[in-house]
Visitor: 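Encoded as structure tokens, here's the structure I'll be asking about.
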Number of protein chains: 2
Amino acid sequence: MVRSSGPIRPKAGEDVAGDRIRTRRNELGMSQQALAKAADVSRQTIISMEQGNYAPSVYLALRVGAALHATVEDLWR
Amino acid sequence: MVRSSGPIRPKAGEDVAGDRIRTRRNELGMSQQALAKAADVSRQTIISMEQGNYAPSVYLALRVGAALHATVEDLWR
DNA sequence: CATGGACGTAAAAAAGTCTTGACAGGTAAA
DNA sequence: TTTACCTGTCAAGACTTTTTTACGTCCATG
């Protein structure tokens with residue numbers, strides 16, 4: 001059994017961070033574009049994050065967390 | 001100035017997470033091997049993380065944080 | 001001695017992240 | 001209808017993460 005490689009990701013089905021991010025963003029009345037700008041990343045990146053199946057770097061996670069006034073633990077479990 | 005690509009990382013010189021991780025690990029009297037096992041990753045990965053210039057995925061960060069009884073915010077700021 | 005643990009370096013392979021840019025559908029307002 | 005904003009898809013390209021394997025050193029014991 002070889003865990004081939006690539007960034008560490010959640011087990012399939014345990015990936016709910018995207019939903020929490022989207023929910024939080026909507027609560028704050030922000031568009032994806034606005035969040036992207038606040039976190040200084042591309043809109044594509046925000047889209048991918050919300051759709052799950054995406055394992056951002058800690059630094060991106062911290063930026064998004066800050067932009068949403070939440071902690072990494074809050075959003076990614 | 002075009003941010004070419006690849007995971008988001010800290011600005012050069014602001015990368016001190018490695019030191020905090022190593023310090024915390026030593027405080028707990030753990031070897032790199034032990035931490036690697038606790039976080040279920042390779043020892044190489046731990047080495048890279050401690051040496052800085054490395055942007056782990058949020059999920060890896062969460063595992064290491066848990067193994068060190070610390071939050072992601074504590075370690076990566 | 002020599003055995004073993006802890007740390008470090010190196011390099012290839014596999015799989016991801018993140019950006020840019022183009023294009024398209026839906027909805028709300030002028 | 002036209003304009004504008006929001007969301008989504010697709011794809012190429014540049015650069016990174018993480019694993020595995022192997023090898024080299026230092027230090028503490030036996």
Visitor: Could you state the atom-to-atom distance from CE of A:Met30 to P of D:dT7 in whole Å?
Guide: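 Whole-Å distance recorded here is 11 Å.
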Visitor: Any ion pair linking B:Glu14 and B:Arg77 (charged N to carboxylate O, less than 4.0 Å)?
Guide: no
Visitor: B:Met49 has an atom CE; how far is it from atom C1' of D:dT16, in whole Å?
Guide: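 One finds 15 Å between C1' of D:dT16 and CE of B:Met49, rounded.
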Visitor: Classify the side chain of A:Ser5 and the base of C:dA15 as holding, or not holding, a donor-acceptor pair under 3.5 Å.
Guide: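 There is none.
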Visitor: Would you say that B:Trp76 contacts B:Ile21 through its side chain, given a criterion of any heavy-atom pair below 4.5 Å between the two side chains?
Guide: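 With C-beta onward as the side chain, the pair touches.
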Visitor: Pick the nucleotide of DNA chain C nearest each of A:Pro7 and A:Gln44; which residue has the one closer to the 5' end?
Guide: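 Closest to the 5' end, via its nearest nucleotide, is A:Pro7.
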Visitor: Heavy atoms only, 4.0 Å cut-off, all strands: where does A:Ser42 land among base, sugar-phosphate and nothing?
Guide: base
Visitor: Any donor-acceptor pair under 3.5 Å joining the side chain of A:Glu50 to the base of D:dT7?
Guide: no
Visitor: Under a plain distance cut-off of 3.5 Å, with no hydrogens placed, do B:Thr71 and B:Asp74 share a side-chain donor-acceptor pair?
Guide: yes
Visitor: Report yes if at least one side-chain N or O of B:Arg9 is closer than 4.0 Å to OP1 or OP2 of D:dT17; otherwise report no.
Guide: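 Checking B:Arg9 against D:dT17: at least one side-chain N or O falls below 4.0 Å of OP1 or OP2.
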Visitor: Without decimals, in angstroms, what is the distance between A:Gln33 CD and D:dA4 C1'?
Guide: 13 Å
Visitor: Within the structure, does a side-chain N or O atom of A:Tyr59 lie under 4.0 Å from either OP1 or OP2 of C:dT17?
Guide: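 Result: no.
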Visitor: Rounded to the Å, how far apart are B:Gln51 CD and C:dA10 C1'?
Guide: 12 Å
Visitor: Nearest 0.5 Å, please: how far is OG in A:Ser42 from CD in A:Gln33?
Guide: 9.5 Å
Visitor: Does a nitrogen or oxygen in the side chain of B:Arg22 sit under 4.0 Å from OP1 or OP2 of C:dG8?
Guide: yes
Visitor: If we check side chain to side chain contact (heavy atoms under 4.5 Å, CB included) with A:Leu35, which of these qualifies: A:Thr45, A:Ile46, A:Leu28?
Guide: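 Of all the options given, the one that passes is A:Ile46.
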Visitor: Could you state the NZ-P distance from A:Lys37 to D:dC6, rounded to the nearest angstrom?
Guide: 12 Å
Visitor: Figure out the CD1/P separation between A:Ile46 and C:dT19, and round it to whole Å.
Guide: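 Distance check: A:Ile46 CD1 to C:dT19 P gives 9 Å.
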Visitor: C:dT17 phosphate, OP1 or OP2: any side-chain N/O from A:Thr45 under 4.0 angstrom?
Guide: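 No.
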Visitor: Calculate the interatomic distance between A:Ile47 atom CD1 and C:dC23 atom C1'; express it in whole Å.
Guide: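 To the nearest whole Å, that distance equals 13 Å.
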Visitor: Between P on D:dG8 and CG on A:Asn53, what's the gap in Å once rounded to a whole number?
Guide: 15 Å
Visitor: Do A:Arg43 and D:dG8 have a side chain to base donor-acceptor pair shorter than 3.5 Å?
Guide: yes
Visitor: Report which part of the nucleic acid B:Ser48 touches: base, sugar-phosphate, or nothing (heavy-atom distance under 4.0 Å, all strands).
Guide: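 If one applies the 4.0 Å heavy-atom cut-off, B:Ser48 turns out to touch nothing in the nucleic acid.
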Visitor: Could you tell me whether A:Arg25 contacts a base, only the sugar-phosphate backbone, or nothing, with contacts defined as non-hydrogen atoms closer than 4.0 Å?
Guide: sugar-phosphate
Visitor: Both A:Ile8 and A:Gln32 contact DNA chain D. Which one's nearest nucleotide lies toward the 5' end?
Guide: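 It is A:Gln32, whose closest nucleotide lies nearer the 5' terminus.
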